[in-house]
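Presented below is the structure to which this report refers.
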Amino acid sequence: MALTGRLGLLALLGAVVPIVLPSWWTLAALWGVLLAAVAVDLTLAGNVRALRLHREGDTSVRLGETARVSLIVENTGRRRVKGRLRDVWPPSAAAGPRVVKLDVPAGERRRVETTLVPTRRGDRQAVTVTIRSSGPLGLAARQLSRRAPWTVRVLPAFPSRRHLPGKLAKLRELTGQHVALIRGQGTEFDSLREYVDGDDVRSIDWRATARRRDVVVRTWRPERDRRIYLVLDTGRTSAGRVGDIPRLDCSMDAALLLGALASRAGDRVDLLAYDRRVRARVEGASRTDLLPAMVRAMAPLEPELIESDAAGMVSTLMSRVRQRCLVVLLTELNSAAIEEGLLPLLPQLTARHLVMIAAVADPRVGEMAAARGDLAAVYDAAAAERARAERRRLTAELRGYGVEVVDAPPADIAPALADAYLALKAAGRL
């Protein structure tokens, strides 16, 4: 049972009247009438236990977009249920409206629409549905909270997909439509065509030219069916925020763009999320299923506030990947974590695979390095410059082991990683 604001006003009136008309009979009569009215109102209120709740609607949505979930309220009782309903979701689901009016005649059903604009990735589950059925006098109400399970999976936003058409255009230039100016060790012969002005004379096929009247050149295309293994570091360094975005989300965005591009290039793409154990894995997905599979695997991932186990990650990679491939590790250029964990294991990894490390740089460090306003700004600039120098030193050390390093701010990390992949493809290093 729930008491309403109207009953509070009547109770206040019942307390004031005896002061004006001091009589025990008056007080008893007023409170008797009030309690009787409450009892009658509560009796005539619709039975909330007779309501049946069902849900339907969206089960997934991209971060920042809108999902709609319908709650169907069915009245199996004999009385009309009239009152208010509150559909409770976690705060990060940003569900609305908070409270709606409800009027369900006996034997009928009503649909209540809830709009969600989630602010975080992962699974967002409905908590409870609270229904308050008021009596005809509005003095008392029946209230019940009941679960109506529903889960909406919030997928990564993938804002870098706007770069995909441009990267695919560059990819088409590498797939045999133009003569390769420099023949890399991994390029494959594609076809013969007539010589045109501007073609590299080293591409002329003299035997084919001798059999024809026209000069003929060979065209080359990058090798296909290579394997790309994307590794997401979900340890403590991925929990840091760059601006308003966690580093892990930036890494996911870059991995999605590279995965989409590499699958269009005919390469096989696998995904591994790891800190001290495997958090997610996508292997053997077809070209059409790759992106949905990666998105589903990434959606529930959250950074773990533990130090990543580099030895375990390398061991997992070496056991899963036998043939040579491109290993792309999306992590942070943290000198302590890399020098103590990954660096001693790089010779073992680079001996079998081509390794690339992609890291998200904080643009705030560059802003601090350029500031000179007051004494505090100068100290901040000195600290920022030292951090940048340490990052450059670590990058040079990694490249000394034969590791490709991509270090870019959040807005540029995804296209920069895609460009680095295309450069390796053009040079025939995959």
Determine whether [X] and [Y] make a side-chain contact, defined as any pair of heavy atoms from C-beta on separated by less than 4.5 Å.
X	Y	value
V69	W89	yes
R86	T128	no
I306	R236	no
V152	T59	no
R352	M318	yes
V327	I228	no
V403	R399	no
L326	Y229	no

So, [X] side chain and [Y] main chain: donor-acceptor pair closer than 3.5 Å or not?
X	Y	result
R279	T234	no
R62	E65	no
N75	R79	yes
S133	G83	no
S319	S315	yes
D270	G284	yes
R277	Y274	no
R68	G57	no
R98	A95	no

Inset, instruction - Walk me through it: do S145 and T130 pass the test side chain to side chain donor-acceptor pair (under 3.5 Å)? - result: CA-CA 4 Å; S145 294; T130 300; 2.9 Å; yes
Legend entry - Test applied, salt bridge (Lys or Arg N to Asp or Glu O under 4.0 Å); reference residue, D103; option that passes from R84, R110, R80: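 Option passing the salt bridge (Lys or Arg N to Asp or Glu O under 4.0 Å) with D103: R80.
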Nearest-0.5 Å distance, [atom1] of residue [X] to [atom2] of residue [Y]:
X	Y	atom1	atom2	result
L342	T331	CG	OG1	8.0 Å
L144	L51	CG	CG	8.0 Å
L230	M252	CG	CE	12.5 Å
S251	I245	OG	CD1	11.0 Å
L417	L257	CG	CG	7.5 Å
I357	L330	CD1	CG	10.0 Å

Determine whether more than 12 heavy atoms belonging to other residues, nucleotides or ligands lie under 6.0 Å from atom [atom1] of [X].
X	atom1	value
R281	CZ	yes
R386	CZ	no
D244	CG	no

Inset, instruction - Evaluate side-chain contact (heavy atoms from CB on, under 4.5 Å) for E307 paired with R276, printing each intermediate quantity in order. - result: CA-CA 8 Å; E307 195 71 45; R276 289 187 181 176; 4.0 Å; yes
Inset, instruction - List the steps and the verdict of side-chain contact (heavy atoms from CB on, under 4.5 Å) for L71 and L85. - result: CA-CA 10 Å; L71 176 67; L85 178 146; 4.0 Å; yes
Legend entry - Pairing of D407 and R392 as salt bridge, 4.0 angstrom limit: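 No, this pair does not count.
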Legend entry - NZ/NE/NH1/NH2 to OD/OE distance under 4.0 Å, K425 and E173: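 So K425 does not pair with E173 through a salt bridge.
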If you look at every heavy atom in [X] and [Y], which pair is closest and at what distance?
X	Y	value
A414	D253	CB-OD2, 4.1 Å
I338	E332	CD1-O, 3.6 Å
R121	M298	NH1-O, 3.1 Å
L422	K167	CD1-O, 4.0 Å
L256	L291	O-CD1, 3.7 Å
D58	W150	O-NE1, 3.0 Å

Inset, instruction - With side-chain contact (heavy atoms from CB on, under 4.5 Å) as the test, would you mind laying out the steps for E397 and L343 before giving the verdict? - result: CA-CA 9 Å; E397 191 171 358; L343 215 57; 3.1 Å; yes
Legend entry - Selection residues 310-330 - residue pairs positive for salt bridge (charged side-chain N to carboxylate O under 4.0 Å, His left out), sequence neighbours left out: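 The answer is E283-R320.
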Under the salt bridge (charged side-chain N to carboxylate O under 4.0 Å, His left out) test, residues paired with [X] that sit two or more places apart:
X	value
D123	R153
D233	none
E390	R393
K82	none

Legend entry - Any donor-acceptor N or O pair under 3.5 Å, side chains T119, S92: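 No donor-acceptor contact under 3.5 Å links the two side chains.
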Inset, instruction - Show your reasoning for whether side-chain contact (heavy atoms from CB on, under 4.5 Å) applies to V355 and E404. - result: CA-CA 6 Å; V355 181; E404 298 290 331; over 6 Å; no
Legend entry - Single hit among R109, R52, R55 for side chain to side chain contact (heavy atoms under 4.5 Å, CB included) with I72: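 Exactly one pass, corresponding to R109.
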Legend entry - Residue that, paired with Y421, satisfies side chain to side chain contact (heavy atoms under 4.5 Å, CB included) out of L261, V406, V328: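 Checked L261, V406, V328 against Y421; only one passes side chain to side chain contact (heavy atoms under 4.5 Å, CB included): L261.
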Side-chain donor/acceptor pairs under 3.5 Å, residues 111-118, sequence neighbours excluded:
unit_1	atom_1	unit_2	atom_2	d
R111	NH1	E56	OE2	2.5
R111	NH1	S70	OG	3.4
R111	NH2	E56	OE2	3.1
E113	OE1	S70	OG	3.0
E113	OE2	S70	OG	2.9
T114	OG1	D87	OD2	3.2

